[in-house]
Asker: 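Take a look at the following structure, please.
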Amino acid sequence: MLAIQGLSFLAAEPERLGRFLALTGIGPGEVRAMAQRPEFLAAVLDHLSSDETLLVQFAQESGRNPMDIGRARATLSGPDWEHDTA
């Protein structure tokens with residue numbers, strides 16, 4: 001659930017979402033389908049965690065401790081997520 005909140009947080013600002021999409025290599029039309037995959041949700045949390053300012057802003061807006069994001073990432077973790085281009 002936290003990763004879905006994170007995705008919603010990113011989607012709330014076109015610049016934030018655009019950067020995430022550019023880094024992951026997925027298109028806007030793919031987000032909904034990809035959001036069903038735990039690896040993708042872990043990538044959302046990775047992205048939030050990779051930028052301290054973004055992480056703190058998300059934690060404040062969601063009422064979470066920033067450490068919660070790391071724990072949720074560990075729960076979702078599997079192999080590192082990479083968008084299939086084939």
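For the single chain, residues carry numbers from 1 onward in sequence order.
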Asker: Do any N or O atoms from the side chain of Arg64 and from the backbone of Ile69 form a donor-acceptor pair under 3.5 angstrom?
Answerer: no
Asker: Between Asp51 (side chain only) and Leu48 (backbone N and O only), is there a donor and an acceptor less than 3.5 Å apart?
Answerer: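 Between the backbone of Leu48 and the side chain of Asp51 there is no qualifying donor-acceptor contact (under 3.5 Å).
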Asker: Quick check: closest heavy atoms across Leu2 and Ala72, and the distance to 0.1 Å?
Answerer: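 That would be CD2-CB, 3.7 Å.
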Asker: Is the shortest side-chain heavy-atom distance between Glu61 and Gln5 below 4.5 Å?
Answerer: no
Asker: Could you walk me through whether Gln57 and Glu13 pass the side chain to side chain contact (heavy atoms under 4.5 Å, CB included) test, one step at a time?
Answerer: CA-CA 12 Å; Gln57 187 178 9; Glu13 293 285 332; over 6 Å; no
Asker: Using the side chain to side chain contact (heavy atoms under 4.5 Å, CB included) definition, which of the options Val44, Thr24, Ile26, Leu10 pairs with Val31?
Answerer: Ile26
Asker: On a heavy-atom basis, which atom in Asp68 and which in Arg71 lie closest, and how many Å separate them?
Answerer: OD1-NH2, 2.5 Å
Asker: Step by step, would you call Val56 with Glu52 a side chain to side chain contact (heavy atoms under 4.5 Å, CB included)?
Answerer: CA-CA 6 Å; Val56 169; Glu52 187 174 353; 4.3 Å; yes
Asker: Report whether Leu55 and Leu23 are members of the same hydrophobic cluster (ILVMFWY, side-chain heavy atoms less than 4.5 Å apart, transitive linking).
Answerer: no
Asker: Is it true that Phe58 and Phe20 have ring centroids separated by less than 6.0 Å?
Answerer: no
Asker: Please give me the minimum heavy-atom distance between Pro14 and Ala12, naming the atom from each residue.
Answerer: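 Shortest heavy-atom separation between Pro14 and Ala12 comes out as CD-O, 4.0 Å.
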Asker: Check the pair His47 / Arg19 against side chain to side chain contact (heavy atoms under 4.5 Å, CB included), numbers first and verdict last.
Answerer: CA-CA 10 Å; His47 179 72; Arg19 183 170 190 276; 3.3 Å; yes
Asker: Could you state the interatomic distance from CZ (Arg16) to CG (Leu7), rounded to the nearest 0.5 Å?
Answerer: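 Separation between the atoms: 11.5 Å.
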